[in-house]
Each structure stands twice: as C-alpha cells, then as structure tokens.
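Have a look at the structure below before the remarks.
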Amino acid sequence: MDDGALNGRRIVVGVTGGIAAYKACDLVSTLVKAGAQVRVVMTRNAERFVGRLTFEALIGGPVSHDMWAERADMEHISLADFAEAVIVAPATANIIGKYAHGIADDLLSTALLVFTCPVIMAPAMNTRMLGSAPVQANLRLLSERGVRILEPAEGRLACGDEGVGRLPDTATLVEALEDALGVASDSLAGLRVLVTAGPTREPLDPVRFLSNPSSGKMGYALAAEAARRGGAVTLVSGPVALSDPRGVEVVRVGSAEEMHEAVQARAGTVDVFIGAAAVADWRPVEASDHKLKKTGREELTLRLQRTPDIIAGVAAWEPRPLVVGFAAETEELLAHAEEKLRAKGLDLIAANDVSRLDVGFTTDANEITLIDATGTRSEFPIMSKAEVAGAILDRIEELLARGRESGR
Ligand code: C5P
C-alpha cells in the first residue's frame with residue numbers, strides 16, 4: 001500500500017452473510033489505519049457471522065444496517081453521496097443476484113442501485129456455488145456494466161472443500177480500492193516492464209503436451225503491481241486461467257519457443273524484465289502432426305531437446321534491462337539460486353522452495369528470499385503473491401535508483 005494513498009478517501013464497505021465476513025474486519029481496520037473515512041453497511045445475514053459492534057468499534061461510529069431506521073436523511077442516498085468507492089466483501093451469491101437484477105429489499109441492495117462511483121464485488125462462496133450457471137451469469141452481467149469483480153482466491157473453504165471461492169487477502173482488496181480510486185503511485189512511470197508468467201506447453205502431438213503446474217499467479221501479480229506503479233507493462237503469458245490484469249498489455253503464447261519469440265521481439269524496448277514464467281526446459285524433438293496411436297505399442301520413447309533460455313537471452317541484450325528471475329527449487333534453495341543468478345547474468349533473483357505445499361507454484365501465498373548481484377540477501381515471511389510482488393518491485397526500484405546514481 002502506498003503511504004497516504006487512502007488518506008481521507010471515503011469508502012463504503014458492504015458486508016454480506018458469508019463466513020468470510022470476519023475478514024472484512026481486517027479490511028475495515030486496515031482502511032481506517034490508512035486514514036480512510038469508512039462507512040460499513042451490513043446485511044441481516046452478515047450480522048449472524050460478525051457483530052455490528054465489532055465494525056462500530058473499528059470505524060468509531062454506527063454501522064448502517066436498517067432501511068427503516070429513524071434518521072434525518074435517507075441513508076441509501078447519503079451513502080451514495082458519501083462514497084468515492086464501494087467494496088462488497090464478502091459478496092454472497094444473494095447480493096450478486098440482487099444487484100444484477102435490480103432487486104432492492106434491504107439497505108445494501110438498495111444503496112447499490114444508487115452508487116455512481118466505482119463498485120467492487122469480492123465474491124466468496126463454495127466453489128460449486130461460484131461456478132453455478134446463475135452466479136456466473138450474474139457476475140458477467142455486473143462485469144459488463146462496469147462493476148469490478150475480484151477473482152476469488154483458491155484454498156480451503158469453510159465447508160471443508162478445496163477450491164476457488166475464498167475471499168482474497170486484505171492487500172488485494174485494498175489494492176482494488178486504490179485502483180478504483182485512481183490512487184496508484186507513479187514510481188515506475190516512464191519505465192517499460194516486460195514480465196513472463198505461467199507455464200509453457202511443449203506439444204507431443206495435436207492433443208498432448210509436456211507442461212508443469214505453474215498457475216501464473218506470481219507473474220500476474222507482478223504485472224498488475226508494476227502497472228499500478230505507473231509502468232508500461234507487457235505480460236507474455238503461457239496458458240493460465242487468470243484474467244488480464246488491468247492496464248497491462250497481455251500477449252498469450254503456448255510453447256517456450258513462442259514465449260522466446262514474443263520476448264525477443266521486444267529487445268531494446270525494455271527497462272525491466274521479470275522472468276516469472278515456469279518455462280519448460282525440454283521439448284519433444286518432433287511433435288507429431290497426428291495424434292500418437294497406442295495400438296500395437298507397449299512403449300514410447302520420447303526424444304527431448306533443450307528449449308531456449310529466455311531470460312539468459314534477455315540478459316545478453318544491449319542495451320540491457322534490469323533482469324529479474326525466479327529460482328523455484330526443491331533443495332539447497334539459496335545455493336542454487338545464487339548459481340542461477342550468476343550463470344544467467346541476472347541482477348536479482350527471487351528464490352522460492354517449491355517442495356512445500358503451502359507456498360509456491362499453485363498457491364496464493366509465497367515465501368521468498370531475494371538475492372542481488374552483490375550477494376545481498378533479503379528474506380521475507382510468508383505473504384500473499386500480491387504482497388510478494390510489492391516487495392520485489394520495491395527492491396527493483398532500489399536497484400534502478402542505485403543504477404541511476406552510478407550512471408549505468
Ligand atoms: O533454469 P531455471 O528454469 O531454474 O531458471 C529459472 C528462471 O529462468 C526463471 O526466472 C524463468 O522464468 C527463467 N527461464 C527462462 N527460460 C527458460 C528457463 C527458465 O526464462 N528456458
């Protein structure tokens with residue numbers, strides 16, 4: 001979060017009746033600490049999960065909850081007059097459905113029809129419920145009307161299921177608000193940032209490929225954060241299930257070779273390169289034009305060849321951008337990361353241990369150590385990928401400033 005960016009800004013937080021309602025307390029507390037003026041609207045069902053008093057203590061004033069409370073103003077109108085941005089977190093299927101169809105049967109659903117400022121919905125519910133046709137159709141409708149829909153995070157859900165449907169962490173919610181309010185910083189203004197993300201797919205035949213479980217989340221978080229800081233960002237992405245980050249040019253590719261070409265096409269036009277893609281190291285020497293048949297075969301031998309090392313190619317460019325890579329390792333993390341930093345000619349490397357289940361490839365969280373070309377190490381605790389992206393970009397900004405001082 002940028003210092004002072006939310007100071008004095010007027011934000012309405014809508015809280016609906018999902019188990020994640022307790023996380024809205026942290027959001028409200030964070031916004032208040034950042035100096036924002038916050039009004040909270042709770043639905044009746046939200047009050048089954050969290051007491052009104054909790055929010056009242058956090059904002060130091062009353063919570064809006066009753067359409068029929070005796071007061072001088074009409075609250076649904078005064079909330080809309082007040083708000084510069086609105087976030088509904090968590091947003092249940094119910095409020096999403098009501099908002100999509102203009103149903104106004106309580107204070108929050110009524111006020112939603114009056115707001116003219118940016119509105120953010122943070123859906124949080126069971127994976128199957130989220131994926132249901134009506135909920136998806138309602139989210140699409142809202143999105144077409146300009147409502148910002150936040151992508152739910154993945155992980156363990158209250159019902160015990162694993163999957164997509166969790167409320168994103170507070171940093172992501174705050175960032176969405178900053179974005180909506182247009183209070184992004186400009187610390188990367190004038191700089192061109194190129195990011196690679198996701199896995200690559202190396203075809204064996206028209207229907208099969210070699211790949212890895214990279215979700216692309218780390219690279220997407222970096223691209224989003226770099227754009228928020230004012231950078232002109234291009235994201236070259238392998239196949240992932242994520243939507244385009246706001247304000248980022250996205251180039252979609254399949255194989256390592258395609259990613260390499262997309263990156264090379266930008267040689268000489270990049271100030272910062274971040275290689276967050278999990279590029280396949282090997283590809284089949286030949287990809288069959290037709291589906292490989294199993295009949296009459298007990299074994300199949302594949303011949304593999306190396307794919308281009310994209311980041312090492314970038315590090316050899318003249319003029320050379322600041323080059324940042326990742327080392328996803330399962331053993332001797334820091335030693336291997338340092339070796340990679342040197343071998344590939346990088347300025348900075350983010351080392352993360354992908355043998356762990358709680359952080360790394362497919363999760364929403366990551367734990368990294370940054371190592372720069374002078375061998376300086378900075379360790380970070382386990383954080384969301386949005387927060388990790390912030391830490392990496394802070395370090396990149398320091399290195400850029402140092403480079404400018406030494407006239408590089
Ligand atoms: O060699 P290794 O794959 O472990 O290196 C990881 C770093 O190098 C990451 O930043 C990754 O994006 C980048 N890389 C690349 N092209 C490859 C392999 C890795 O850009 N072919």
Side-chain angles (χ1 to χ4, degrees), residues 193-203 209-223 226 233-240 242 250-267 270 272-285 304-317 320-356 359-362 366 368-373 385 388-389 391-393 395-396 399:
V193 182
L194 180 59
V195 183
T196 63
T200 63
R201 287 181 179 172
E202 310 305 323
F209 51 79
L210 300 177
S211 192
N212 61 63
S214 164
S215 64
K217 286 175 186 164
M218 194 59 246
Y220 274 60
L222 281 159
V233 184
T234 303
L235 175 63
V236 179
S237 172
V240 296
L242 302 172
V250 181
V251 181
R252 294 195 183 271
V253 296
S255 66
E257 187 59 45
E258 284 169 21
M259 186 173 275
H260 181 62
E261 279 167 21
V263 167
Q264 283 299 326
R266 286 161 179 81
V270 178
V272 177
F273 177 84
I274 309 175
V279 185
D281 289 327
W282 303 95
R283 69 165 169 239
V285 173
L304 302 176
Q305 64 188 16
R306 290 295 305 269
T307 54
D309 193 325
I310 300 171
I311 202 165
V314 173
W317 285 352
R320 188 179 175 285
L322 186 96
V323 185
V324 183
F326 277 77
E329 303 289 344
T330 53
E331 52 173 5
E332 296 200 51
L333 178 63
L334 299 181
H336 281 154
E338 263 177 14
E339 200 179 293
K340 207 162 278 183
L341 177 92
R342 270 195 306 277
K344 293 178 187 255
L346 313 182
D347 297 292
L348 186 68
I349 196 155
N352 65 320
D353 182 347
V354 285
S355 65
R356 286 171 50 180
V359 293
F361 258 174
T362 56
N366 212 351
I368 57 155
T369 300
L370 289 177
I371 310 174
D372 71 19
K385 287 185 174 170
V388 172
I392 293 175
L393 282 160
R395 194 82 186 88
I396 288 175
L399 293 176

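Counting convention: from 1, in listed order, for ligands and their atoms alike. Throughout, numbering of the chain's residues begins at 1 and tracks the sequence.
Residue pairs meeting the salt bridge (charged side-chain N to carboxylate O under 4.0 Å, His left out) criterion with at least one member in residues 329-339, sequence neighbours excluded: E329-K340, E338-R377.
Between the side chain of R252 and the backbone N or O of S237, no donor-acceptor pair lies under 3.5 Å. Distance alone, capped at 3.5 Å, places no donor-acceptor pair between the E202 side chain and the P284 backbone. Of the possible donor and acceptor atoms, none in the side chain of T369 sits under 3.5 Å from a partner among the backbone N and O of A351.
For R395, the salt bridge (charged side-chain N to carboxylate O under 4.0 Å, His left out) criterion is met by D372, E398, not counting sequence neighbours. With sequence neighbours left out, S211 forms a side-chain hydrogen bond (donor to acceptor under 3.5 Å, both in side chains) with no residue at all.
Protein residues are said to neighbour a ligand when one of their heavy atoms lies under 4.0 Å from it; for ligand 1 these are G275, A277, V279, D281, T307, P308, D309, I310, I311, G325, F326, K340, K344.
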